[in-house]
Q: 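Below you will find the structure I want to go over with you.
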Amino acid sequence: MFKIQTLNNISRNGLDRLPANLYSVANEVAAPDAVLVRSADMHKAPIAASVKAIARAGAGTNNIPVAEMSARGVPVFNAPGANANAVKELVVAGMLLAARNIADALGFVRGLDASGDLHHKVEAEKKRFVGTELAGKTLGVVGLGAIGVKVANAAYALGMRVIGFDPHMTVDGAWQLSAEVAKAGSLAELFAASDYLTFHVPLNDKTRGAFGTQALELVRPGVVLLNFAREGIVDAAALRKGLADGRIGRYVSDFPEADLLGDARVISLPHLGASTGEAEENCALMVVDQLRDFLEHGNVRNSVNFPETRMARTGSARICIANSNRPNMIGQLSHVLGEAGVNIAQMHNASRGELAYSLIDVDSPVPDSLVAAIAAIDGILSVRVIGN
Ligand SMILES: NC(=O)C1=CN([C@@H]2O[C@H](COP(=O)(O)OP(=O)(O)OC[C@H]3O[C@@H](n4cnc5c(N)ncnc54)[C@H](O)[C@@H]3O)[C@@H](O)[C@H]2O)C=CC1
Ligand SMILES: O=C(O)C(=O)COP(=O)(O)O
């Protein structure tokens with residue numbers, strides 16, 4: 001029986017894919033085998049030694065101590081692209097909210113006194129909310145991954161000129177991107193050309209503050225800045241300076257900030273990007289399937305720290321080993337297995353950066369003494385036996 005701890009609400013349809021005879025699922029679990037999470041901050045509390053995998057039902061994994069998990073030989077999974085359409089639609093909505101002054105206009109109508117000549121009040125005041133159209137404006141997209149590509153294509157379909165920047169774009173992403181989206185040679189070029197600017201990059205040490213004071217000098221006066229990625233992508237001081245001097249016309253964000261709540265130029269949503277029934281279900285289905293494949297077979301799909309590793313089952317038992325990616329690890333492993341008289345039926349080894357992962361199917365049961373001998377090899381991060 002595998003014990004799964006959920007740290008956030010996970011779509012029921014996903015959880016239903018965990019058969020009750022094999023899995024127990026709860027919020028509070030002692031010694032869980034795996035954690036299912038969305039945005040809960042896992043940096044704050046220690047992660048139990050029993051945890052063999054963490055599955056993020058979404059895209060961003062900055063709320064998970066991934067490096068620490070790698071050092072423990074624990075894979076972190078996510079659901080690439082599963083919520084991208086939901087975010088794209090909200091970004092389009094965000095551009096429209098800004099362009100047509102929709103939030104202010106709604107506020108005005110909500111505040112109207114229902115008595116008297118409503119028609120007159122509406123017609124007299126509507127000039128306060130005159131907006132602009134998206135068609136013909138230029139959108140700059142930083143990060144052309146699952147979301148960025150969809151946003152770029154949708155903006156082009158709305159008649160915008162679109163320019164993108166992503167030095168690590170995948171071939172799949174390039175196939176999906178409209179040929180009409182122009183490639184910016186640098187971030188500076190993109191900043192200077194954009195009426196609307198949207199970020200779709202993960203938050204990490206390289207992207208933190210990607211929109212900062214330097215960007216502020218380059219952007220067009222009155223630029224509409226959209227942040228549906230993470231709060232830290234836009235530097236706090238640059239944002240406030242840009243709003244104060246009018247360089248930033250509007251800030252549309254999925255991450256409300258306390259001191260900007262009352263600022264009419266700031267449109268904040270409560271981290272709703274992925275909050276559609278469809279996206280929640282897509283994410284949950286994807287990560288639950290990946291988690292099951294890992295827990296039951298050791299296979300790795302869509303991990304952010306482990307290499308893709310899949311092998312059909314053959315032998316009676318499977319040993320799953322994560323280790324530091326350095327010479328002679330396989331040599332030592334096969335030596336220890338040989339010493340224990342255990343024959344390898346088939347094996348698969350893959351590496352990613354500093355970590356390597358092996359699946360070894362063997363012809364006979366694996367004694368505890370062999371597991372201990374493997375764990376004792378210098379550089380072994382985790383070892384687990386399935387189907388003994
Ligand atoms: N508001 C919300 O509810 C949601 C927010 N997100 C955020 O959006 C981010 C992106 O999500 P996806 O598009 O699904 O991820 P993705 O991994 O498909 O795309 C990220 C892209 O950013 C690019 N990139 C990385 N560093 C870059 C840099 N320095 N400059 C330019 N490009 C860079 C990568 O090459 C990649 O193509 C997530 O990491 C998450 O933080 C994701 C889903 C929902
Ligand atoms: O997938 C992501 O990165 C998100 O930001 C979505 O977060 P959520 O699952 O809605 O808490």
Side-chain angles (χ1 to χ4, degrees), residues 6-11 14 36-42 55-64 66 76-94 140-154 163-177 181 183-191 197-212 215 226-234 252-256 267-287 302-305:
T6 53
L7 297 183
N8 293 103
N9 281 334
I10 306 293
S11 166
L36 270 169
V37 63
R38 285 176 57 181
S39 288
D41 187 355
M42 295 187 72
R56 200 294 188 211
T61 51
N62 58 300
N63 57 319
I64 301 166
V66 177
V76 176
F77 299 93
N78 73 349
N83 57 25
N85 190 64
V87 182
K88 172 204 80 181
E89 290 188 5
L90 202 62
V91 172
V92 170
V141 184
V142 182
L144 291 162
I147 298 169
V149 164
K150 282 187 164 20
V151 168
N153 291 348
I163 175 167
F165 180 79
D166 187 334
H168 319 288
M169 205 179 167
T170 63
V171 173
D172 270 357
W175 273 106
Q176 283 157 31
L177 186 68
V181 174
K183 180 181 166 206
S186 65
L187 266 183
E189 184 187 326
L190 179 136
F191 288 156
L197 193 49
T198 188
F199 285 82
H200 299 292
V201 295
L203 178 64
N204 55 42
D205 290 342
K206 290 194 181 115
T207 59
R208 193 178 299 281
F211 186 94
L226 299 120
N227 180 7
F228 287 78
R230 284 293 179 266
E231 183 175 340
I233 298 292
V234 173
V252 190
S253 149
D254 218 4
F255 312 99
I267 299 168
S268 301
L269 300 169
H271 193 190
L272 283 183
S275 291
T276 65
E278 295 90 332
E280 291 183 356
E281 182 174 330
N282 284 343
C283 289
L285 296 180
M286 199 188 255
V287 290
N302 292 332
S303 167
V304 298
N305 58 343

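Counting starts at 1 for both ligands and their atoms, following the listed order.
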Q: Who's the nearest protein heavy-atom neighbour of atom 23 (C) of ligand 1, and how far?
A: Asp166 OD2, 3.2 Å
Q: Just jot down the ligand 2 atoms closer than 4.0 angstrom to any heavy atom of Ala59, in number order.
A: 1 (O), 2 (C), 3 (O)
Q: Against heavy atoms of Gly58, which atoms of ligand 2 measure under 4.0 Å?
A: 1 (O)
Q: Below 3.5 Å, N or O to N or O, backbone or side chain included: is there any such pair between Ala274 and ligand 1?
A: yes
Q: What part of Val201, side chain, backbone, both or neither, has a heavy atom within less than 4.0 angstrom of ligand 1?
A: both
Q: Measure from the ring center of Phe228 to the ring center of His200 and say whether it is less than 6.0 Å.
A: no
Q: When you compare the side chain of Met286 with that of Pro80, does any pair of heavy atoms fall below 4.5 Å?
A: yes
Q: Please write down residue, atom name and distance for the protein heavy atom closest to atom 19 (O) of ligand 1.
A: Gly145 CA, 3.2 Å
Q: Quick one: look up the protein heavy atom nearest atom 11 (O) of ligand 1 and list residue, atom name and how far away it is.
A: Ile147 CD1, 3.4 Å
Q: Quick one: look at His271 and ligand 1, take heavy-atom pairs under 4.0 Å, and tell me if it's side chain, backbone, both or neither.
A: side chain
Q: Which of the numbered atoms in ligand 2 are under 4.0 angstrom from any heavy atom belonging to Ser39?
A: 7 (O), 8 (P), 11 (O)
Q: Which atoms of ligand 1 have any heavy atom of Asn83 under 4.0 Å away?
A: 43 (C), 44 (C)
Q: Ala274 to ligand 2: N or O pair under 3.5 Å?
A: no
Q: With a cut-off of 4.0 Å, which atoms of ligand 2 are near a heavy atom of Gly60?
A: 1 (O), 2 (C), 3 (O)
Q: Strictly less than 4.0 Å: does any protein heavy-atom distance to atom 17 (O) of ligand 1 fall in that range?
A: no
